[in-house]
Amino acid sequence: MTMLKVLILIGASLLAACSGEPAKAPAKAETPVVQVADVTQLTGDAEAGRTGFGQCRSCHTVEAGVNRVGPSLHAIVGRPVGTVADYRYSTAMAAAGGVWDEQRLYDFLEKPREYIVGTKMTFPGIKDGQRRADIIAYMKTQTD
């Protein structure tokens, strides 16, 4: 066999190997998003919630009496809505009434701007119900 025929066969083999669909990257494994309507169906993990609360820290603190862009979230579970001293709430939040219980926090944290229309809070929310339950479990530990 001549050298030319060998090169043609090698080239044809390479082209045959390259034909067809290009190889696709393997699908990225995603963590499933937990969706439940009732927070009591979940067990919050305060340690995971401490980590998750990191995204809240840009606007909030859990220190009593320390307000930032948002009010202090110290002892928020069981506290009446819109009542942190020395914080200027939106009209909508001030008029919301009620108490921040676990379920209300759970619902609010999913889509704050839809839950209380007119809130100053620009955070889009947390889709994953387990992450919300974890953050609430952490906030429950932040009391005197």
Side-chain angles (χ1 to χ4, degrees), residues 5-144:
K5 287 183 181 179
V6 170
L7 289 175
I8 291 173
L9 287 174
I10 291 172
S13 297
L14 289 172
L15 287 174
C18 292
S19 66
E21 295 281 322
K24 293 182 181 178
K28 186 177 179 182
E30 294 184 20
T31 305
V33 174
V34 175
Q35 295 292 357
V36 298
D38 185 351
V39 71
T40 61
Q41 295 174 330
L42 300 170
T43 302
D45 178 341
E47 189 57 31
R50 183 176 67 82
T51 302
F53 188 81
Q55 66 191 81
C56 308
R57 281 190 178 89
S58 59
C59 296
H60 297 279
T61 181
V62 289
E63 296 174 56
V66 178
N67 297 320
R68 292 187 179 158
V69 173
S72 169
L73 299 180
H74 177 79
I76 189 170
V77 180
R79 183 173 74 207
V81 176
T83 60
V84 170
D86 300 323
Y87 184 76
R88 188 170 171 219
Y89 288 94
S90 65
T91 303
M93 186 66 77
V99 172
W100 286 120
D101 60 18
E102 289 177 60
Q103 186 64 50
R104 188 167 192 166
L105 283 165
Y106 182 80
D107 294 340
F108 176 74
L109 289 173
E110 182 177 21
K111 294 181 181 178
R113 290 179 287 178
E114 289 181 23
Y115 189 82
I116 298 181
V117 176
T119 182
K120 293 191 305 187
M121 189 165 163
T122 60
F123 182 67
I126 303 168
K127 286 184 180 182
D128 189 309
Q130 185 60 57
R131 287 191 60 226
R132 293 193 314 265
D134 292 343
I135 290 169
I136 293 165
Y138 168 71
M139 288 192 296
K140 285 173 60 177
T141 68
Q142 301 304 301
T143 62
D144 293 328

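From a predicted model like this one, the values you see are computed outputs, not experimental measurements.
Taking every heavy atom of both residues into account, Ser72 and Val66 meet most closely at CB-O, 3.2 Å. When all heavy atoms are compared, the tightest approach of Ala92 to Gly118 is CB-C, 3.7 Å. Heavy-atom minimum distance, His74 versus Ala64: CD2-CB, 3.5 Å. Scanning all heavy atoms of the two residues, the minimum distance from Pro124 to Pro112 falls at O-CD, 3.7 Å. When every heavy atom of Ile136 is checked against every heavy atom of Leu109, the shortest pair comes out as CG1-CD1, 4.2 Å.
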Worked verdict on Val62 versus Phe53 for side chain to side chain contact (heavy atoms under 4.5 Å, CB included): CA-CA 10 Å; Val62 289; Phe53 188 81; 3.5 Å; yes
Between Tyr89 and Val81, does the side chain to side chain contact (heavy atoms under 4.5 Å, CB included) criterion hold? Intermediate values first, please. CA-CA 10 Å; Tyr89 288 94; Val81 176; over 6 Å; no
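A cation-pi arrangement, defined by a distance under 6.0 Å to the six-membered ring centre and an angle within 45 degrees of its axis, is absent between Arg50 and Tyr138.
No more than 12 heavy atoms of other residues, nucleotides or ligands lie within 6.0 Å of NZ in Lys140, so this atom counts as exposed by the packing criterion.
Separating the CZ atom in Arg113 from the CZ atom in Phe123 is a distance of 9.5 Å, to the nearest 0.5 Å. To the nearest 0.5 angstrom, Asn67 atom CG is 9.5 Å from Leu73 atom CG. Taking CZ from Arg131 and OG1 from Thr51, the interatomic distance works out to 10.0 Å, rounded to the nearest 0.5 Å. Between the CD1 atom of Ile116 and the CZ atom of Arg104 there is a distance of 5.5 Å, given to the nearest 0.5 Å. Here CE of Met139 is found 5.0 Å from CG of Leu105. Values are rounded to the nearest 0.5 Å. Remark: Asp101 CG to Tyr106 OH distance equals 13.5 Å, nearest 0.5 Å.
Side-chain contact between Met121 and Phe108 is present, with at least one heavy-atom pair separated by less than 4.5 Å. Within the 4.5 Å cutoff, the side chain of Val99 has no heavy atoms near those of the Arg79 side chain.
Every residue two or more places apart in sequence or in another chain was checked for a side-chain hydrogen bond (donor to acceptor under 3.5 Å, both in side chains) with His60, and none qualifies.
At distances below 3.5 Å, not a single donor-acceptor pair connects side-chain atoms of Asp134 with backbone N or O atoms of Gly44. Remark: the backbone N or O of Gly82 is not paired with any side-chain donor or acceptor of Tyr87 at under 3.5 angstrom. Remark: side-chain polar atoms of Arg132 are paired, donor with acceptor, to backbone N or O of Ile126 under 3.5 angstrom.
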